[in-house]
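FYI, the numbering just counts along the sequence from 1.
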Amino acid sequence: MRRAVFPGSFDPVTLGHVDIIERSLPLFDEVIIAIGVNAEKRYMWSLEERIAKIEAAFNGNPKIKVTPYQGLTADFCKKENAQYILRGLRNTTDFTYEQTIAQANEKVNGVDSIFLICSPEYSHISSSIVRDIARNGGDFSSLIP
């Protein structure tokens, strides 16, 4: 079984995340949307809200599993028998950041990373932008599922 982990805080899940996940489905038998939980980080939306929003976005798709996790993503991949880490890239800055992490995960843990370039219409969307808009009372509904 080809299984990939798509890790993130998903605070909140955006249309960019949805784009990457939907486009990855033909590549994998299962995609685990892994919601990282860091006790030291303050989230805008609760874990329960983030899980519910992701599950609603994929409407019971049997190829998608949503699971919170703590610790190293590569350790979570091993626990879940996932061979791949799925990452979406918006630009060269994302690539530069993700490249080093991907190389370390492969070298140290034997988990390969698969990068998908986001569709152009979503390249401007990030969770941090959505949070900034939300904090300032703006309408972010066109950026999330």
Side-chain angles (χ1 to χ4, degrees), residues 1-38 41-45 47 49-136 138-145:
M1 176 178 271
R2 291 180 322 259
R3 184 175 288 132
V5 167
F6 186 49
S9 64
F10 303 101
D11 188 35
V13 65
T14 70
L15 292 177
H17 294 127
V18 172
D19 172 57
I20 295 297
I21 294 162
E22 286 179 345
R23 290 177 38 236
S24 77
L25 291 175
L27 304 173
F28 303 106
D29 300 307
E30 182 177 62
V31 174
I32 301 170
I33 302 171
I35 304 174
V37 177
N38 181 343
K41 187 172 178 183
R42 288 194 45 198
Y43 298 103
M44 193 160 198
W45 284 271
L47 177 61
E49 289 171 313
R50 290 179 280 152
I51 290 171
K53 197 68 161 168
I54 294 168
E55 288 176 343
F58 295 102
N59 201 18
N61 185 320
K63 291 180 75 170
I64 293 176
K65 178 177 162 184
V66 182
T67 307
Y69 79 103
Q70 293 182 344
L72 296 174
T73 301
D75 289 342
F76 178 74
C77 289
K78 287 185 175 188
K79 178 181 162 274
E80 294 291 327
N81 295 313
Q83 305 89 347
Y84 306 100
I85 296 173
L86 173 65
R87 299 299 291 159
L89 303 176
R90 293 170 294 184
N91 51 44
T92 57
T93 303
D94 285 354
F95 176 76
T96 301
Y97 175 77
E98 295 290 346
Q99 178 185 17
T100 305
I101 296 168
Q103 290 168 331
N105 280 330
E106 195 286 320
K107 182 74 171 172
V108 175
N109 298 299
V111 180
D112 277 325
S113 293
I114 304 293
F115 298 141
L116 289 180
I117 306 298
C118 74
S119 297
E121 62 268 28
Y122 304 118
S123 64
H124 65 286
I125 301 173
S126 70
S127 292
S128 58
I129 287 173
V130 172
R131 287 192 305 272
D132 285 345
I133 294 168
R135 261 191 294 275
N136 290 290
D139 179 11
F140 56 89
S141 61
S142 65
L143 305 175
I144 63 170

Short question: side chain of [X], backbone of [Y] - any donor-acceptor pair under 3.5 Å?
X: Asp11; Y: Trp45; value: yes
X: Lys63; Y: Leu25; value: yes
X: Asp112; Y: Tyr84; value: no
X: Ser119; Y: Glu121; value: no
X: Asn136; Y: Asp132; value: yes
X: Asn91; Y: Thr93; value: yes
X: Arg90; Y: Cys118; value: no
X: Glu80; Y: Ala4; value: no
X: Thr14; Y: Ile144; value: no

Non-hydrogen atoms of [X] and [Y] that approach each other most closely:
X: Val13; Y: Lys53; value: CG1-CG, 3.8 Å
X: Val111; Y: Gln83; value: CG1-O, 3.8 Å
X: Ser142; Y: Leu15; value: O-CD1, 3.2 Å

Interatomic distance, [X] atom [atom1] to [Y] atom [atom2] [nearest 0.5 angstrom]:
X: Leu89; Y: Ser123; atom1: CG; atom2: OG; answer: 12.0 Å
X: Phe10; Y: Ile51; atom1: CZ; atom2: CD1; answer: 11.5 Å
X: Leu27; Y: Leu86; atom1: CG; atom2: CG; answer: 8.5 Å
X: Asn105; Y: Ile85; atom1: CG; atom2: CD1; answer: 4.0 Å
X: Arg135; Y: Ser128; atom1: CZ; atom2: OG; answer: 8.5 Å

Heavy-atom side-chain proximity of [X] to [Y] below 4.5 angstrom:
X: Phe76; Y: Ile32; value: yes
X: Ile114; Y: Phe28; value: yes
X: Ile125; Y: His17; value: no
X: Val18; Y: Phe58; value: yes
X: Ile54; Y: Ile21; value: no
X: Pro12; Y: Arg131; value: yes
X: Leu116; Y: Ser24; value: yes

- Item | Partner residues of Glu98 under the side-chain hydrogen bond (donor to acceptor under 3.5 Å, both in side chains) criterion, sequence neighbours left out | Arg87
- Query: Between Lys78 and Asp75, does at least one N-O distance fall below 4.0 Å, as a salt bridge requires?
  - Reply: no
- Inspect the surroundings of CG in Asn59 and state if more than 12 heavy atoms from other residues, nucleotides or ligands are less than 6.0 Å away. no
- Of Asp94, Ile101, Thr100, which is the lone residue that meets side chain to side chain contact (heavy atoms under 4.5 Å, CB included) with Tyr97? Ile101
